[in-house]
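One structure is given here, and the rest of the page talks about it.
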Amino acid sequence: MHALSHGTTSTPTTIAVPPALSLPVIEAAFPRQLHPYWPRLQEKTRAWLLEKRLMPPDKVEEYADGLCYTDLMAGYYMGAPDDVLQAIADYSAWFFVWDDRHDRDIVHGRAAAWLRLKDRLHRALDSPGDHLGHEDPVVAGLADSVERLYGFLPGGWNDRFARHFHEVIEAYDREFHNRTEGIVPTVEEYLELRRLTFAHWIWIDLLEPSAGSELPDGVRHDPAYRKAALLSQEFAAWYNDLCSLPKEMAGSEVHNLGISLIAHEELTLEEAITEVRRRVEECISEFQDAERDALCFADTLDDGTVGGKETSAAVRACVGNMRNWFSSVYWFHHESGRYRVDSWDDRSTPPYVNNEAAGES
């Protein structure tokens, strides 16, 4: 199916979406938006990747824009101040680079290197200012992006963000163990792990600086708000699984909902794809109901006081961006070179990854 993308250029382009991946409800009911800062965002994140040595110059030149990392964030955090969106986009680009480093450490059997990196990331997260000049670009890049993020909201938000990302780092360690040992997690084990490796709570946390307000615990933990937030992330994680299944099977991955369904539920590949798609579509319909409840909850917060009005507006902004996550994730997967495995010379090695930079042969 062909769909009109209103994404990263001033002129809309026609994107061919494979029938197995097309979601007409997203195209019809979740109109795509893009932050007006996007062109500058793309330019500055590209420069940041070079400055921090996170990608070699030739890879940045050839692949950075086509990977669409900034497009993903610019379509999600609408309304964010420019400096907030820039810090989020740089952090997101760093996250993709870290994910690739994790993958290469597994592929090349660098267990000691991974454990060393894991420890350094934990320390950089707790004291980013002490790691800005670290010799490892992945450590220094995390320190730089996180230190900027920590400057937008009070310390309570920073502590929560750090706690959530410590859990993500440990989840990546569990993935490392599973892949090196060839362990395919059960469906339930995978779903629990995926919520961490996809960093559900990190992207939800970042809704708050985008809205310019740290939400009270009672608001964040309210069932209506929490359900809408989690459904937006579940959709993103499972749609990613649907789109990346060929790439991950080519790379001997063990972490994909489809792979768990095949290994533990004895589904065929076609049946697994159908089941993942069913779950994705269920997320969309459930979110539309949860969104209404979350917006009603936001209305109840406006109690006539200045504080109540501000909190209500912040919640509405956050819920609005939860909705934006659906269209942003959808188009990202069809525009980004990250998932065009059929065009790679080696289906198990992404062309934007530089093995030599890590001392590989």
Side-chain angles (χ1 to χ4, degrees), residues 1-38 41 68-80 85 88-89 92 195 198-200 202-204 206-207 210-211 224-244 257 273 276-299 313-336 338-339:
M1 132 176 246
H2 285 79
L4 200 62
S5 164
H6 298 276
T8 60
T9 64
S10 57
T11 304
T13 56
T14 301
I15 303 295
V17 181
L21 303 177
S22 68
L23 296 172
V25 65
I26 294 294
E27 297 169 24
F30 292 78
R32 186 177 189 181
Q33 301 188 68
L34 199 67
H35 198 289
Y37 181 65
W38 173 77
L41 182 74
C68 300
Y69 296 159
T70 55
D71 308 46
L72 179 63
M73 295 298 109
Y76 183 19
Y77 295 104
M78 294 297 295
L85 184 60
I88 292 173
S92 172
R195 292 181 184 110
F198 195 82
H200 282 25
I202 290 295
W203 308 118
I204 293 168
L206 288 168
L207 291 167
S210 298
Y225 182 88
R226 187 180 178 93
K227 183 176 183 180
L230 285 174
L231 283 168
S232 73
Q233 296 301 307
E234 299 279 54
F235 163 80
W238 298 346
Y239 192 67
N240 175 268
D241 281 3
L242 190 64
C243 294
S244 63
L257 179 53
I273 290 171
V276 175
R277 183 183 173 95
R278 184 193 68 78
R279 291 179 184 234
V280 165
E281 292 174 335
E282 191 173 72
C283 270
I284 300 169
S285 61
E286 288 187 5
F287 173 80
Q288 290 172 308
D289 291 335
E291 178 187 35
R292 285 190 288 270
D293 292 340
L295 291 173
C296 288
F297 169 62
D299 289 342
V315 169
R316 294 188 73 86
C318 291
V319 174
N321 280 334
M322 292 172 198
R323 160 173 277 272
N324 288 336
W325 196 227
F326 287 81
S327 59
S328 192
V329 163
Y330 181 73
W331 291 116
F332 170 69
H333 281 85
H334 302 299
E335 294 173 349
S336 175
R338 195 172 177 87
Y339 304 100

- Query: Does NZ or CZ of R323 fall inside the cone over F30's six-membered ring, less than 6.0 Å from its centre and within 45° of the axis?
  - Reply: yes
Rounded to the nearest 0.5 Å, what separates atom [atom1] in [X] from atom [atom2] in [Y]?
X: Q233; Y: W238; atom1: CD; atom2: CH2; value: 12.0 Å
X: L23; Y: C283; atom1: CG; atom2: SG; value: 11.0 Å
X: Q33; Y: S328; atom1: CD; atom2: OG; value: 10.5 Å
X: L230; Y: Y225; atom1: CG; atom2: OH; value: 10.5 Å
X: R338; Y: Y69; atom1: CZ; atom2: OH; value: 4.0 Å
X: K227; Y: E286; atom1: NZ; atom2: CD; value: 5.5 Å

I'd like to check [X] versus [Y] (side-chain heavy atoms, cut-off strictly below 4.5 Å). Are they in contact?
X: M322; Y: F287; answer: yes
X: I26; Y: F235; answer: yes
X: Y76; Y: V329; answer: no
X: H334; Y: L21; answer: yes
X: W331; Y: V17; answer: yes
X: W325; Y: L72; answer: yes

- Query: Between the side chain of S22 and the main-chain N/O of P19, is any donor-acceptor distance below 3.5 Å?
  - Reply: yes
- Message: With a 3.5 Å distance limit and no angle check, can you tell me whether R277 reaches the backbone of A20 through a side-chain donor-acceptor pair?
- Response: yes
If you take all heavy atoms of [X] and [Y], which pair is closest and at what distance?
X: S327; Y: P31; result: OG-O, 3.8 Å
X: L242; Y: I273; result: CD1-O, 3.7 Å
X: A211; Y: A314; result: CB-O, 4.0 Å
X: M78; Y: N324; result: CG-ND2, 3.3 Å
X: L231; Y: F326; result: O-CZ, 4.0 Å
X: H35; Y: G79; result: CD2-N, 3.8 Å

- Task: Give the intermediate values and the outcome of side-chain contact (heavy atoms from CB on, under 4.5 Å) for residues L85 and W38.
- Result: CA-CA 9 Å; L85 184 60; W38 173 77; over 6 Å; no
- Task: Classify the angle between the aromatic ring planes of Y239 and H333 as parallel (below 30°), tilted (30 to 60°) or perpendicular (above 60°).
- Result: perpendicular
- For Y330 and R32, test the side chains for any donor-to-acceptor distance below 3.5 angstrom and give the result as yes or no. no
